[in-house]
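Here the structure comes first, spelled out in structure tokens, and everything after it is commentary.
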Amino acid sequence: MARITAGVGCSHVPAIGVAMDTGITDEPYWQPVFDGFKKSREWMKQQNPDVIFLVYNDHCTAFDASCIPTFALGCAAEFTPADEGWGPRPVPVVKNHQKLASHIAQSLVLDEFDITIMNEMEVDHGLTVPLSVMYGEVPQDGEWPALVIPLAVNVVQYPAPTGNRCYNLGKAIRRAIDAYDEDLNVMIFGTGGMSHQLQYKRAGLINADWDNRFLDMMANDPVAASQIKHVEYLRETGSEGIEMVMWLVMRGALDEKVTEVHRHYHVPASNTAVGHIILENHD
Amino acid sequence: MADRSDKPYEDIPGTFVFDADRSREGYHLNQFCISLRLQKNREAFNAGEEAYLDKYPMTAEQREAVLKRDWNRLLELGGNIYYTSKLAANDGINFQNLAGLMTGMGVEAYRDMMLHGGRPIEGNRSKSEWEEE
Ligand SMILES: [Fe+2]
């Protein structure tokens with residue numbers, strides 16, 4: 001049977017992708033960002049997942065304002081890295097486990113989570129940067145070591161889905177994967193955040209105390225985290241900090257009690273607080 | 001402008017929450033901005049901005065803010081940062097430098113603030129803490 005072995009929370013700052021793509025990760029500015037992923041890359045090699053269920057948001061790249069699905073599940077055979085305005089990232093095409101993705105789509109709708117199905121979709125830094133930081137550099141003509149099922153969440157137009165909804169969706173994803181009859185090691189990534197505001201006069205807001213409490217809750221008290229209201233994210237963590245609701249999808253798909261394997265927090269990467277946590281299921 | 005008094009997030013200083021009202025106001029502006037994510041559209045826009053903008057039925061104010069690259073005005077008129085950043089990218093301005101412009105701090109001072117832990121939350125939660133708003 002397929003099983004979810006671990007969850008990863010991870011920022012997906014576009015500048016981190018640029019730093020990797022231009023080979024400047026050893027510069028003093030970037031070194032502390034990437035040092036925190038050394039252990040993660042070793043861990044990924046050991047764990048070697050077959051499939052990554054990757055929760056992220058599109059940043060007005062594949063989705064324009066004409067259609068704004070709250071939850072969109074990638075069911076295409078593959079996903080091409082998108083041109084976001086400065087040329088596509090030089091990373092491999094992302095390949096799906098298409099049968100598992102369509103199984104999850106069916107299971108979620110029958111479980112009363114009415115997701116949107118995407119049979120054509122390009123993916124932006126929200127999806128490719130987490131893969132890059134967790135795997136390290138992969139040449140464009142190479143292959144990502146795992147298949148990837150993308151779930152794009154609307155966090156651009158208010159309101160994003162509530163943290164509670166995301167947490168419960170995670171549980172439904174867990175039920176779907178648990179019921180899939182192929183022996184697969186599946187990981188789930190929740191990406192985005194942590195505190196950051198990209199826009200207007202309050203741009204640059206960082207709230208390290210809040211972020212670290214959130215990381216604690218991810219490890220030990222996800223139900224409390226699931227009850228955080230939108231206005232708290234917006235006020236306390238910046239207008240773009242609302243991305244953190246996506247970590248709750250990941251957390252909902254894990255056991256209630258998990259083992260924290262690794263944590264990393266660093267300010268800044270461009271405008272953003274970089275947060276990262278690895279949580280393992282027990283069984 | 002729609003009445004925003006029933007929106008708890010309107011009290012957050014220096015921030016636009018991109019809700020349905022803003023999305024409606026900014027629709028054509030944002031659709032113009034996202035068109036610039038493709039190389040062929042960037043080339044067409046750069047070859048003649050006025051003619052390219054004719055394809056998007058935005059308001060005269062929005063159009064003027066685009067032509068003037070008035071980044072804050074674009075947000076005030078319903079633009080969203082993920083869209084306006086595509087116009088900035090076309091001009092060679094990344095997210096961090098765009099923030100330097102929007103905050104009025106300038107690129108160097110903004111970058112320096114980020115290197116020292118960013119803008120603190122204390123004093124930045126509510127409009128009542130900001131003198132100007
Ligand atoms: Fe993001």
Side-chain angles (χ1 to χ4, degrees), chain A residues 13-15 18 28-29 57-66 68 82-88 122 124 126 155-160 195-211 229-240 242 267-273, chain B residues 8-9 11-20 22-23 26-28 30-31 33-39 42 71-72 75-76 80-90 92 94-96 98-100 102-105 110-111 113-121 124-126 130 132-133:
Chain A
V13 186
V18 174
Y29 183 94
N57 69 288
D58 178 84
H59 304 78
C60 308
T61 303
F63 299 94
D64 66 18
S66 67
I68 305 172
D83 185 349
E84 301 177 50
W86 54 87
E122 292 186 352
D124 74 7
V155 294
V156 172
Q157 181 167 328
Y158 179 91
S195 56
H196 66 304
Q197 175 154 337
L198 301 177
Q199 52 132 340
Y200 210 46
K201 296 176 188 171
R202 203 177 67 141
L205 188 94
I206 298 288
N207 191 341
D209 290 343
W210 197 101
D211 288 341
K229 301 291 179 234
H230 284 340
V231 70
E232 179 174 343
Y233 285 107
L234 295 166
R235 192 188 303 280
E236 296 292 326
T237 76
S239 49
E240 280 63 59
I242 190 76
V267 177
S270 183
N271 301 290
T272 306
Chain B
Y9 46 79
D11 177 50
I12 303 170
T15 303
F16 288 118
V17 174
F18 187 66
D19 60 13
R22 294 202 174 278
S23 177
Y27 183 74
H28 295 294
N30 289 323
Q31 291 297 79
C33 288
I34 196 173
S35 75
L36 298 182
R37 85 174 185 86
L38 298 178
Q39 183 64 32
R42 293 196 286 273
W71 303 111
N72 281 350
L75 301 178
E76 289 160 10
N80 171 272
I81 185 64
Y82 290 116
Y83 292 99
T84 59
S85 66
K86 305 285 192 283
L87 176 60
N90 176 68
N94 65 22
F95 274 109
Q96 179 162 308
L98 184 56
M102 289 182 293
T103 54
M105 297 176 70
Y110 181 86
R111 184 182 156 90
M113 176 182 77
M114 294 316 298
L115 276 170
H116 291 87
R119 186 184 304 283
I121 186 65
N124 291 310
R125 286 189 171 92
S126 161
W130 280 32
E132 54 177 291
E133 302 226 353

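These values consider heavy atoms only, across backbone and side chains, with no hydrogens, waters or symmetry-generated copies. Chain A is the first sequence line, chain B the second, and so forth, proteins listed ahead of strands; every chain is numbered from 1.
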Can you say whether [X] sits under 4.5 Å from chain B via the side chain, the backbone, both, or neither, judging by heavy atoms?
| X | result |
| --- | --- |
| A:E122 | side chain |
| A:Y233 | neither |
| A:P14 | side chain |
| A:A208 | neither |
| A:S66 | both |

Between [options], which shows the greatest number of heavy-atom pairs under 4.5 Å with chain B?
| options | value |
| --- | --- |
| A:S270, A:S195, A:A273 | A:S270 |
| A:N207, A:I68, A:V267 | A:N207 |
| A:V231, A:I242, A:V18 | A:V231 |

- Under 4.5 Å from a heavy atom of chain A, the part of B:R42 involved: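 Answer is side chain: those atoms of B:R42 sit under 4.5 Å from chain A.
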
- Message: Please classify the contact of B:L115 with chain A as side chain, backbone, both or neither, using a heavy-atom distance under 4.5 Å.
- Response: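 Both backbone and side chain.
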
- With under 30° as parallel and over 60° as perpendicular, where do the rings of B:F16 and A:Y200 fit, or are they tilted in between?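 Rings of B:F16 and A:Y200: tilted, as their planes differ by 30° to 60°.
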
- Task: Step by step, work out the side-chain contact (heavy atoms from CB on, under 4.5 Å) result for A:Q199 and B:F18.
- Result: CA-CA 11 Å; A:Q199 52 132 340; B:F18 187 66; over 6 Å; no

- Task: Would you indicate whether the side-chain heavy atoms of B:M114 and A:I206 approach each other to under 4.5 Å?
- Result: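 Heavy-atom side-chain distance check passes, below 4.5 Å.
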
- Query: Looking at side-chain heavy atoms only, is the closest gap between A:H230 and B:V17 below 4.5 Å?
  - Reply: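 The answer is no, as the side chains (C-beta and beyond) never meet within the 4.5 Å cut-off.
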
- Heavy-atom pair count under 4.5 Å with chain A, highest-scoring of B:L38, B:N72, B:N94: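 Highest number of pairs under 4.5 Å: B:N72.
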
- Counting only N and O atoms by type, is there a donor-acceptor contact under 3.5 Å from the side chain of A:Q197 to the main-chain atoms of B:R119?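 Looks like no, no N/O pair under 3.5 Å.
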
- Message: Looking at B:Y9 and A:S239, would you say the former's side chain and the latter's main chain have a donor-acceptor pair under 3.5 Å?
- Response: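 Such a contact is absent between B:Y9 side chain and A:S239 backbone.
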
- For A:L234 and B:T15, what are the C-alpha separation, side-chain angles and deciding distance, and is it a side-chain contact (heavy atoms from CB on, under 4.5 Å)? CA-CA 9 Å; A:L234 295 166; B:T15 303; over 6 Å; no

- Task: Verify whether one side chain among A:D58 and B:Y82 offers a donor that lies under 3.5 Å from an acceptor in the other.
- Result: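 No pair is found: no donor N or O on one side chain lies under 3.5 Å from an acceptor on the other.
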
- Item | Evaluation steps, side-chain contact (heavy atoms from CB on, under 4.5 Å), between B:F95 and A:H196 | CA-CA 12 Å; B:F95 274 109; A:H196 66 304; over 6 Å; no

- Item | Side-chain ion pair, B:R37 and A:D124, N-O less than 4.0 Å |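 So B:R37 does not pair with A:D124 through a salt bridge.
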
- Query: Quick one: CD1 on B:I81 to CG on A:L198, what's the gap to the nearest 0.5 Å?
  - Reply: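 B:I81 atom CD1 to A:L198 atom CG measures 6.0 Å (nearest 0.5 Å).
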
